[in-house]
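Reviewing the structure listed below.
The model shown is predicted, which means the values in this text are computed figures rather than measured ones.
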Amino acid sequence: MSPAWLALPVAAVFVLPWVLDFLRSSWLPLAATVVTLAVLLGAAVVVVRRLGASYRREALLRAGLDRLDPKRFEELAAELLRRDGFRKVRVVGGSGDRGIDVLGVAPDGSPYAVQCKYYTRPLGPGGVRDFVGALHAAPYKDHQGVLVTSHYLSTQAADTAREHVIVIDRDRLADWLLGVYRLGPGRSSMPWLARLRRSRTPAVEAP
């Protein structure tokens with residue numbers, strides 16, 4: 001064995017006690033720092049979530065969401081599509097609409113078909129399946145489907161919808177109203193903190 005290798009055990013004998021002594025003297029301040037940081041991070045997450053929820057409630061209140069009727073809810077979706085740069089936006093809901101309420105063309109030319117569900121209870125999987133079926137038939141089989149609801153989806157409905165259509169539930173609708181969510185190619189929910197900014201985008205008021 002070379003002299004260099006023989007020197008390592010000797011060095012360890014002298015260095016190890018110093019390392020152990022350092023750890024004994026510093027682990028308490030280090031642990032306290034870690035705990036403090038964890039508490040501050042947890043508090044920040046709680047504050048961010050509460051502020052985000054507050055801004056969402058304000059956006060929905062300004063839009064008068066809970067005072068709308070199904071027809072006005074469809075018009076609200078159409079107005080938000082136009083704000084996102086969609087062309088040829090029209091409300092087509094009615095008898096014979098096959099579950100499609102609003103049509104529009106995205107800035108890149110992609111056709112979109114929107115179904116609006118103005119519910120006061122969670123949407124079940126049946127409604128989602130009907131919408132998906134309509135999208136697979138003419139004349140909507142080349143359209144991107146978008147499901148907009150004033151409430152939320154049940155767990156099973158959400159699982160079904162996630163595979164086929166874009167879902168805009170009550171929370172994402174609030175983000176859409178605030179302008180931190182946009183529909184269309186390249187769309188993305190902005191980072192959570194971006195949702196906290198108070199948007200001055202005019203909300204669509206109930207009549």
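- Judged as a side-chain contact (heavy atoms from CB on, under 4.5 Å), and not counting sequence neighbours, the contacts of Asp159 are Thr155, Arg162.
- Ion pair Arg82/Glu79 not flagged as a salt bridge, since none of the NZ, NE, NH1 or NH2 atoms sits closer than 4.0 Å to an Asp/Glu carboxylate oxygen.
- Distance check, rounded to the nearest 0.5 Å: CZ of Phe131 to CG of Asp101 gives 8.5 Å.
- Taking OG1 from Thr160 and CG from Leu147, the interatomic distance works out to 11.0 Å, rounded to the nearest 0.5 Å.
- Residue pairs that meet the ring pair (Phe, Tyr, Trp, His ring centres under 6.0 Å) test with at least one member in residues 148-168, sequence neighbours left out, do not exist here.
- Atom CD of residue Glu74 and atom CG of residue Asp69 lie 9.0 Å apart, to the nearest 0.5 angstrom.
- In this structure the side chain of Thr149 never reaches within 4.5 angstrom of the side chain of Ile168, judged on heavy atoms.
- Considering only heavy atoms from C-beta on, Lys71 comes within 4.5 Å of Val91 through its side chain.
- The two residues Ala59 and Leu177 come nearest to each other via the heavy atoms O-CD1, 3.9 Å.
- Using a 4.5 Å cut-off on side-chain heavy atoms (C-beta onward), Arg90 and Val102 make no contact.
- Following chains of ILVMFWY side-chain contacts shorter than 4.5 Å, one cannot reach Val105 starting from Tyr140, and the two form parts of different hydrophobic clusters.
- Salt-bridge formation is not detected for the pair Arg170/Asp175: no Lys NZ or Arg NE/NH1/NH2 atom is positioned less than 4.0 Å from an Asp or Glu carboxylate oxygen.
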Run the side-chain donor-acceptor check on residues 114-127: report pairs under 3.5 Å with partners two or more places apart or on a different chain.
| from | atom 1 | to | atom 2 | distance (Å) |
| --- | --- | --- | --- | --- |
| Gln115 | NE2 | Gly99 | O | 2.9 |
| Tyr118 | OH | Leu65 | O | 2.6 |
| Tyr118 | OH | Leu68 | N | 3.3 |
| Tyr118 | OH | Leu68 | O | 2.9 |

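- Taking the side chain as every heavy atom from C-beta outward, Val148 and Val146 approach each other to under 4.5 Å.
- Atoms CD1 and CG, from Ile100 and Leu135 in turn, are 5.0 Å apart once rounded to the nearest 0.5 Å.
- Within the 4.5 Å cutoff, the side chain of Val89 has no heavy atoms near those of the Leu103 side chain.
- No side-chain heavy atom of His143 sits under 4.5 Å from any side-chain heavy atom of Tyr112.
- Counting only residues at least two apart or in different chains, salt bridge (charged side-chain N to carboxylate O under 4.0 Å, His left out) contacts with residues 126-143 are absent.
- The shortest heavy-atom contact between Leu183 and Phe86 is O-CE1, 3.2 Å.
- For Ala174, the side-chain contact (heavy atoms from CB on, under 4.5 Å) partners at least two apart in sequence or on another chain are Arg56, Leu60.
- Residues passing the salt bridge (charged side-chain N to carboxylate O under 4.0 Å, His left out) test with Asp84 are Arg182, sequence neighbours excluded.
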